[in-house]
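The structure appears right after this line, and notes come after that.
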Amino acid sequence: RITFDRRTGDLFIGDVGQGSREEIDFESRGLSGRNYGWVRMEGSLCYRPSSGCNDGTLTLPVLEYDHSLGCSVTGGYRYRGRSAPGFDGVYFFGDYCSGRIWGGVQDGAGGWSATQLVDTPHNISSFGEDNAGELYLCDMAAGAVYRIVAG
């Protein structure tokens with residue numbers, strides 16, 4: 001799943017891994033043509049070949065997690081709604097298998113970090129955003145859509 005930040009135009013790319021890592025890639029508005037190492041890398045680790053895969057031309061993911069936390073990343077949205085102003089600018093993403101939802105934030109130097117926000121019982125197959133910037137998640141197993149709220 002890819003999404004654009006409605007305020008900045010930045011691009012977020014949720015990339016499902018092969019066997020051990022899930023990743024989020026980020027492309028600032030106005031940039032293009034970056035090589036995220038797909039096929040050669042899985043997250044920040046070499047995949048094919050198993051070593052020496054990054055020749056310095058690859059753009060590594062901004063966020064990633066291993067399969068101890070889930071098995072299939074579901075890319076989301078950067079929150080731009082009004083009901084939870086404390087989350088403005090936080091990138092929400094989840095995992096289909098574990099139901100975990102994380103919030104990713106960028107610091108002033110351009111680095112990223114993620115915090116687990118909630119561990120749900122849902123099989124998160126997609127996120128959605130309404131006209132007001134409020135976020136929703138789809139639970140494939142239950143066939144339900146839930147609005148994400150603070151607290």
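All values derive from a computational prediction rather than experimental measurement. These numbers come from the heavy atoms of this one structure, side chains and all, not from hydrogens, waters or symmetry mates.
- Within the model, atoms OG of Ser44 and CG of Leu63 stand 11.5 Å from one another, a figure rounded to the nearest 0.5 Å.
- When side chains are defined from C-beta on, Val105 counts as touching Ser113, because their heavy atoms get closer than 4.5 Å.
- A distance-only check finds a donor-acceptor pair linking the side chain of Ser98 to the backbone of Leu69 [under 3.5 Å].
- Counting heavy atoms from C-beta outward, Ser28 and Asp10 have side chains that approach closer than 4.5 Å.
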Side-chain donor-acceptor distances from residues 46-56 under 3.5 Å, at least two apart:
unit_1	atom_1	unit_2	atom_2	d
Asn54	OD1	Gly56	N	2.8
Asp55	OD1	Thr57	N	3.0
Asp55	OD1	Thr57	OG1	2.5

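- Within the structure, the disulfide (SG to SG under 2.5 Å) test picks out no pair touching residues 111-151 (sequence neighbours left out).
- Taking the six-membered ring for Trp, Phe87 and Phe92 have ring centres closer than 6.0 Å.
- Using a 4.5 Å cut-off on side-chain heavy atoms (C-beta onward), Tyr77 and Leu135 make contact.
- For Tyr65, the ring pair (Phe, Tyr, Trp, His ring centres under 6.0 Å) partners two or more places apart in sequence, or in a different chain, are Trp102.
- Considering all non-hydrogen atoms of both residues, Pro61 and Glu23 come closest at CB-CB, 3.7 Å.
- Every residue meeting the salt bridge (charged side-chain N to carboxylate O under 4.0 Å, His left out) condition with Arg6, not counting sequence neighbours, appears here in chain and number order: Glu129.
- Taking Ile, Leu, Val, Met, Phe, Trp and Tyr as members and joining any whose side-chain heavy atoms lie under 4.5 Å apart, directly or through other members, the hydrophobic cluster of Leu58 also contains Met41, Leu60.
- Two residues are said to be in side-chain contact when any heavy atoms from C-beta on lie closer than 4.5 Å; Glu22 and Val16 meet this criterion.
- Ser83 pairs by the side chain to side chain contact (heavy atoms under 4.5 Å, CB included) definition with Tyr79, Glu134, Arg147, not counting sequence neighbours.
- Chaining together hydrophobic side chains whose heavy atoms lie under 4.5 Å apart places Trp38 alongside Ile2, Phe4, Leu11, Ile13, Tyr36.
- Note on residues 12-32: pairs passing ring-ring contact (aromatic ring centres under 6.0 Å, His included), not counting sequence neighbours, are Phe12-Phe26, Phe12-Tyr91, Phe12-Trp112, Phe26-Trp112.
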Exercise for the section: Determine, stepwise, if the pair Val90 / Gln106 fulfils side-chain contact (heavy atoms from CB on, under 4.5 Å). Expected result: CA-CA 8 Å; Val90 174; Gln106 189 176 24; over 6 Å; no

Practice task
Would you sort out whether Leu137 and Ile101 count as a side-chain contact (heavy atoms from CB on, under 4.5 Å), showing the intermediate values?
Solution key: CA-CA 10 Å; Leu137 71 83; Ile101 298 175; 3.5 Å; yes

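- Between the side chain of Asp139 and the backbone N or O of Gly143, no donor-acceptor pair lies under 3.5 Å.
- At a cut-off of 3.5 Å, with distance as the only test, no side-chain donor of Arg1 or Thr74 sits close to an acceptor on the other residue.
- With sequence neighbours excluded, no residue forms a salt bridge (charged side-chain N to carboxylate O under 4.0 Å, His left out) with Arg29.
- Applying the salt bridge (charged side-chain N to carboxylate O under 4.0 Å, His left out) rule to Glu64 yields the partners Arg21; only residues at least two apart in sequence or on another chain are considered.
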Handout entry: Asp15 vs Val73, side-chain contact (heavy atoms from CB on, under 4.5 Å): CA-CA, chis, key distance, verdict
Key = CA-CA 7 Å; Asp15 180 21; Val73 69; 5.5 Å; no

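- Arg100 pairs by the salt bridge (charged side-chain N to carboxylate O under 4.0 Å, His left out) definition with nothing, not counting sequence neighbours.
- Side chains of Asp5 and Arg80 form a contact here, defined as non-hydrogen atoms less than 4.5 Å apart.
- When every heavy atom of Cys71 is checked against every heavy atom of His67, the shortest pair comes out as O-NE2, 3.7 Å.
- For residues 127-151, every residue pair satisfying the ring-ring contact (aromatic ring centres under 6.0 Å, His included) rule, not counting sequence neighbours, is listed here: His122-Tyr146.
- In this structure a side-chain-to-backbone donor-acceptor pair under 3.5 Å is present from Asp95 to Ser72.
- Proximity of a side-chain donor or acceptor of Asn123 to a complementary backbone N or O of Met140 within less than 3.5 Å is not detected.
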